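Notes follow the structure.
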Amino acid sequence: MRIAGYFLLVSAVLHVVGVALAGFAGETLILLVPTVFYVVLFAGLARGKMWVAWITFICMVIGSAGALSALFGGWPIPAWVFGGILAADVITALLLFVAIWAGPKPRDA
């Protein structure tokens, strides 16, 4: 789960980069909210918390849809930033899907 967390941090950094490239325009500041949330989620992933993996997986699916939508929207942020966010979110979701699927195995009785 830690590797997925690193891609989550890449997404968080790209959110900040996008806001900075837009000159901290008012409508882009909303992207700083997921940044803080992603850093908190990374802390849980780094500790191997399965419930955090589930929450992060759901957030990444939603975030991927949002990044894809923003890629074709009229944001003052360059498209390559949203492309990077989309890629990081999809990779995070895939890695977490594998981690959740593998999950902790019950002990044999």
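Atom set for the values below is all heavy atoms of this structure, side chains included, hydrogens, waters and symmetry mates excluded. These numbers were taken from a predicted model, which means no experiment stands behind them.
- Among residue pairs with one or both ends in residues 83-96, those qualifying as side-chain hydrogen bond (donor to acceptor under 3.5 Å, both in side chains) are S11-D89; sequence neighbours excluded.
- Side-chain heavy atoms closer than 4.5 Å link hydrophobic residues (I, L, V, M, F, W, Y) into clusters, and following such links, possibly through other members, connects L45 to I55.
- Note on residues 55-65: no pairs pass side-chain hydrogen bond (donor to acceptor under 3.5 Å, both in side chains), not counting sequence neighbours.
- A67 and I85 make their closest contact through CB-CG2, 3.9 Å (heavy atoms, listed as atom of the first residue, atom of the second, distance).
- Counting heavy atoms from C-beta outward, V90 and M60 have side chains that stay 4.5 Å or more apart.
- Cluster note: I3 groups with F7, I91, L95 through ILVMFWY side-chain heavy atoms spaced under 4.5 Å, whether in direct contact or through intervening members.
- Among residues two or more places apart in sequence or in another chain, the side chain to side chain contact (heavy atoms under 4.5 Å, CB included) test is passed with A46 by R2, F42.
- Residues W101 and L94 are members of separate hydrophobic clusters, defined by side-chain heavy-atom contacts under 4.5 angstrom among Ile, Leu, Val, Met, Phe, Trp and Tyr.
- Contact detail for G84 and L14: the closest heavy-atom pair is C-CD1, 3.4 Å.
- Between L96 and M1, the closest heavy-atom pair is CD2-CG, 4.3 Å.
- Listed here is the closest heavy atom pair of A88 and V10: CB-CG1, 4.1 Å.
- Connection of L8 to M50 is established within a shared hydrophobic cluster, with ILVMFWY side chains joined at heavy-atom distances below 4.5 Å, either directly or through further cluster members.
- Identified under the ring-ring contact (aromatic ring centres under 6.0 Å, His included) test for residues 54-81, with sequence neighbours left out: W75-F82.
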Please list, one pair per line, the donor and acceptor atoms closer than 3.5 Å that link side chains of residues 21-39 to other protein atoms, with sequence neighbours excluded.
unit_1 : atom_1 : unit_2 : atom_2 : d
T28    : OG1    : A25    : N      : 3.4
T28    : OG1    : A25    : O      : 2.6
T35    : OG1    : L31    : O      : 3.1

